[in-house]
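Heads up: the structure comes next, in structure tokens.
None of the values given here were measured: they were computed from a predicted structure. Numbers restart at 1 for each chain; the letters A, B, ... are given by sequence-line order, proteins then strands.
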Amino acid sequence: MAKNLLIVESPAKAKTIEGYLGKDFTVKSSYGHIRDLIKSEDAIDINNNFSQKYEVPADKKQVVSELKKLAKEADFVWLASDEDREGEAISWHLYDTLSLKEVNTRRIVFHEITKPAILRAIENPRKIDYNLVNAQQARRVLDRLVGFELSPVLWKKVKPSLSAGRVQSVAVRLIVDREREINKFQSEAAYKITAIFDKGKNSFKADLAERFSKQEDAEKFLQDCIKAIFEIRSLETKPAKRSPAAPFTTSTLQQEASRKLGFSVSRTMTVAQKLYEAGNITYMRTDSVNLSDTAIDAARAEIVTAYGDKYYQKRTYKTKSAGAQEAHEAIRPTYFDKHTIEGDSSEKRLYELIWKRAIASQMSEAQFEKTVAKISISTRKEELTANGEVMKFDGFLKVYLESADDDDEDDNNSLDNDNAILPPLSKGQLLDLQEMTAVQRFSRPPARYTEASLVKKLEELGIGRPSTYAPTISTIQNRGYVVKEEREGKQRAYEVLTLSNSNITRETKTETTGAERGKLSPTDIGAVVNDFLVQYFNGIVDFHFTANVEKEFDEIAQGLKDWTEMIRTFYAPFHKDVESTIQTADKATGERELGVHPENGKKVSVRIGRYGPFVQVGESNTDNENEEKPLYASLRTGQSIETITLEEALELFKLPKAVGEFEGKVMKVAIGRFGPYISHNGAFVSLPKEIDPLDVTEEQAIELINAKRKKDAEKLIKTFDEDPTVKVLNGRWGPYIEFGKQNVKIPKDKDPASLTFEECKALADAAEKAPKKSGRKFAKKK
DNA sequence: CAGTGAGCGAGCTTCCGCTTGACTT
């Protein structure tokens with residue numbers, strides 16, 4: 001039996017370290033935290049210095065008992081969890097739960113998984129740092145108190161099962177605020193002037209910094225240019241340079257994989273996890289941009305061999321994010337000489353991205369020569385500007401260029417042609433105008449957040465951690481606060497004036513604007529919950545709340561502050577707010593009056609109900625028995641109680657409507673949870689997007705029903721005489737049986753075409769009896 | 001899933017941060 005037990009957080013790390021340490025060491029993993037606060041409300045005793053009740057969750061029992069057994073047999077136990085607040089707490093929980101003794105327990109830390117770093121750590125053991133543990137307890141207790149006191153307020157005042165927390169509620173707030181900025185935004189149009197000078201390969205572009213908001217001013221400008229003389233008044237050339245970006249952290253990896261590979265934040269993490277477990281990259285949940293010395297050496301060797309000395313530039317990076325705890329290295333390839341890896345295409349692509357970014361981070365800067373030519377116009381006081389850029393040395397750009405977010409590229413400034421190459425020019429040179437255009441451009445509203453740009457923002461605010469960015473984004477979507485949507489763009493007309501051959505022509509063109517994919521927008525419930533929290537708990541959803549408490553956690557970690565004192569100071573007023581809100585606040589429904597019905601003069605209003613947002617026509621609580629009951633209609637997907645108009649709301653009452661008959665049964669069009677559909681004789685057919693549910697014709701409906709039947713028939717493998725509702729079908733994941741409301745997968749060793757009814761029944765019964773594994777948390781209510 | 005919205009009340013929901021699989025009609 002090994003004399004030493006060393007415990008780290010991650011099993012992949014354990015494997016690597018075991019290789020470095022030889023047979024005197026058994027290296028095991030705790031799989032993260034092994035204990036947590038008990039689930040019930042009495043986990044924290046408010047009246048007894050916030051003392052906590054912990055338990056080992058069911059899925060950690062096995063890990064703990066194995067570690068306990070090994071710890072008993074070992075001479076020394078080395079606690080090697082990460083060197084940050086959470087890691088220190090993990091060590092303490094291990095110490096406590098495994099009943100370790102101080103004499104044979106060692107706490108060690110390292111920031112990189114390299115042999116020298118591990119050996120150095122083993123030579124420098126220390127004791128558990130209880131200040132750091134206390135800081136973690138403060139963090140844990142604060143989050144529990146906030147989450148478990150705020151959420152029930154929402155259950156009472158908004159809707160059951162909702163949630164609020166220090167991190168998620170701010171994430172939702174960012175998205176709600178952004179949506180309102182967009183709704184409020186008034187687009188302004190202005191004419192942008194661009195000129196093309198000279199011919200053939202000498203031709204180049206120049207533009208005007210000023211824009212004209214009135215068409216007649218733009219036209220006047222072009223008019224003035226017909227007879228003008230264009231002369232280069234000044235010519236300035238200066239060197240410019242560009243430096244590589246730091247190697248990836250979790251957040252920057254998520255952003256770049258989203259922009260360059262189109263990965264969602266959670267997909268990036270799943271793929272990165274595979275790369276990590278296969279030993280191809282370092283740990284993927286990190287806030288550090290630091291590379292180990294061995295990594296820098298390996299990168300240098302790689303760069304010098306592949307590109308030569310002058311491409312190498314040793315660089316060290318400093319983190320910019322406020323809350324960084326830097327327990328790990330930056331994300332980098334384990335071996336820089338491994339250019340490609342085994343794996344599926346997403347693993348290969350993500351690895352390539354990581355490899356390039358890490359390599360580029362140790363390369364020399366790219367050098368440019370920037371030229372700015374100012375061109376005077378004899379008939380006007382304004383000047384045109386031509387920008388040119390020539391790359392003198394590519395440097396790091398040989399391997400990697402960081403891309404920018406949508407909202408970074410700004411077509412409102414006049415520098416969007418600064419990558420162009422200018423022909424040889426000289427001061428005083430006269431230019432020959434080929435063409436000049438005045439194009440109507442519109443100012444753009446702020447961009448909606450993508451998952452990745454939300455992560456970026458949260459990181460800037462110091463909210464959330466590398467391990468929680470992806471889960472937080474899932475949470476706010478699962479709670480129904482936020483949706484990720486595709487938005488179709490709208491057509492917009494714009495004017496183009498062209499001056500060519502001393503002649504000005506005018507043309508109206510159209511462009512698509514506002515088309516978006518994968519952007520986050522708030523739901524009505526998200527907005528109502530947000531407004532409620534902002535009104536009654538502004539301190540908690542304040543963007544700086546986390547940053548402020550983090551400062552206090554740091555003081556606790558340094559031993560300068562008592563953690564119970566900090567929590568007490570926070571909790572007293574917070575709890576008072578909770579109590580008074582429960583007492584005084586009205587139920588939040590987001591109710592908004594749209595006006596009165598044009599025909600019967602009844603009040604039309606929208607609000608959130610048990611089943612989501614809806615319109616109501618007429619008063620609900622009438623004292624008069626004789627008065628008619630109000631009418632209700634649900635809003636459609638994409639509509640919001642905040643922006644819906646009276647006209648749109650009244651449209652909703654036109655459905656469901658009968659569109660005709662088919663095979664002696666009525667066909668009805670209605671809007672369901674998944675969009676507009678036709679119902680006919682107990683069957684349902686979704687309407688394609690391009691058909692407006694309000695003007696579906698009888699012919700269209702019949703056609704759609706027949707198309708659906710045909711498609712279903714293609715999926716069908718067989719049916720049975722015993723029970724025609726039981727079907728064997730070909731699905732997206734292979735063949736399955738539809739047995740009543742149950743879908744049962746057919747095992748690979750069975751041929752779907754030759755299944756008998758009895759076999760199907762047996763498979764369905766077996767699936768029914770099989771214990772429902774709780775992978776998903778969407779427990780269906782009866 | 002497939003057009004619901006009264007009011008009452010039992011019993012449920014909920015946080016953030018460490019980890020990895022199990023899961024997907």
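- One side chain, A:R166 or A:T546, offers a donor N or O that lies under 3.5 Å from an acceptor on the other.
- At B:dG17, one or more side-chain N or O atoms of A:T468 fall inside 4.0 Å of OP1 or OP2 (strictly under the cut-off).
- In this structure, A:A164 reaches the sugar-phosphate backbone alone: every heavy-atom distance under 4.0 Å involves primed, P, OP1 or OP2 atoms, never a base.
- Minimum atom distance to the side chain of A:R479 is reached by B:dT14, of the listed B:dT14, B:dG17, B:dG5.
- Across B:dT13, B:dT20, B:dG5, the shortest atom-to-atom separation from the side chain of A:S161 is found for B:dT13.
- Looking at the side chain of A:S634, the nearest of the listed nucleotides B:dG21, B:dC18, B:dT4 is B:dT4.
- A donor-acceptor contact shorter than 3.5 Å is absent between the side chain of A:S81 and the backbone of A:E9.
- A:E277 and A:Q273 share a side-chain donor-acceptor pair at under 3.5 Å.
- In this structure, A:Q616 does not reach the B:dG5 phosphate: none of its side-chain N or O atoms is under 4.0 Å from OP1 or OP2.
- For A:D82 and A:F614, each mapped to the nucleotide of DNA chain B holding its nearest heavy atom, the one lying further toward the 5' end belongs to A:F614.
- Taking only distance into account, the side chain of A:R465 never meets the base of B:dC18 through a donor-acceptor pair shorter than 3.5 Å.
- Ranking B:dT14, B:dC18, B:dT20 by closeness to the A:S151 side chain, first place goes to B:dT14.
- A:Q168 comes within contact range of the sugar-phosphate backbone alone, with a heavy-atom separation under 4.0 Å but no base atom that close.
- Without hydrogens or angle criteria, A:S605 side chain to A:R592 main chain gives no donor-acceptor distance under 3.5 Å.
- With centres under 5.5 Å and a plane angle under 30°, the ring of A:W155 is stacked against the base of B:dT13.
- No contact: A:Q136 has no heavy atom under 4.0 Å from any strand.
- Rounded to an integer number of Å, the gap from NE2 of A:H93 to C1' of B:dC18 is 10 Å.
- Here A:E88 lies out of heavy-atom contact (under 4.0 Å) with every strand.
- Looking at the side chain of A:Y677, the nearest of the listed nucleotides B:dC18, B:dC16, B:dG3 is B:dG3.
- Using a 4.0 Å heavy-atom distance criterion, A:Y469 is classed as making no nucleic acid contact.
- Among the atoms of the strands shown, only primed sugar atoms or phosphate atoms (P, OP1, OP2) are found under 4.0 Å from some heavy atom of A:P11.
- Backbone-only engagement by A:G165 is indicated by non-hydrogen atom pairs under 4.0 Å involving sugar-phosphate atoms exclusively.
- Using a 4.0 Å heavy-atom criterion, one finds that A:R166 contacts the sugar-phosphate atoms exclusively.
- Aromatic ring pairs are classed by plane angle as parallel below 30°, tilted from 30° to 60° and perpendicular above 60°; the pair A:F662 and A:H680 is tilted.
- Between A:Y481 and A:L162 the shortest heavy-atom distance is OH-CB, 3.4 Å.
- When distances are taken from the side chain of A:E86 to each of B:dT20, B:dC18, B:dC16, the shortest belongs to B:dC18.
- Among the atoms of the strands shown, none is found under 4.0 Å from any heavy atom of A:G87.
- Regarding A:Y31, its OH atom lies at a distance of 23 Å from the P atom of B:dG17, rounded to whole Å.
- To the nearest angstrom, P of B:dT19 lies 5 Å from CD of A:E9.
- Contacts of A:V167 with the nucleic acid, taken as non-hydrogen atoms under 4.0 Å apart, involve only primed sugar atoms and P, OP1 or OP2.
- Comparing B:dC16, B:dT4, B:dT20 against the side chain of A:E277 picks out B:dT20 as the nearest.
- Computed from coordinates, the A:L37 CG to B:dG17 C1' distance equals 12 Å when rounded to whole Å.
- One can place CG of A:L154 at 12 Å from P of B:dT14, the figure rounded to the nearest angstrom.
- Across all their heavy atoms, A:L652 and A:S634 have their closest contact at CD1-O, 3.6 Å.
- Between A:F148 and A:M284, the residue anchored closer to the 5' end of DNA chain B is A:F148, taking for each the nucleotide with the nearest heavy atom.
- Rounded to an integer number of Å, the gap from OH of A:Y54 to P of B:dG17 is 14 Å.
- With B:dT20, B:dC18, B:dT14 as the candidates, the nucleotide lying closest to the side chain of A:S163 is B:dT14.
- Stacking is not found between A:Y632 and the pyrimidine-like six-membered ring of the B:dG5 base under the 5.5 Å centre-distance and 30° plane-angle cut-offs.
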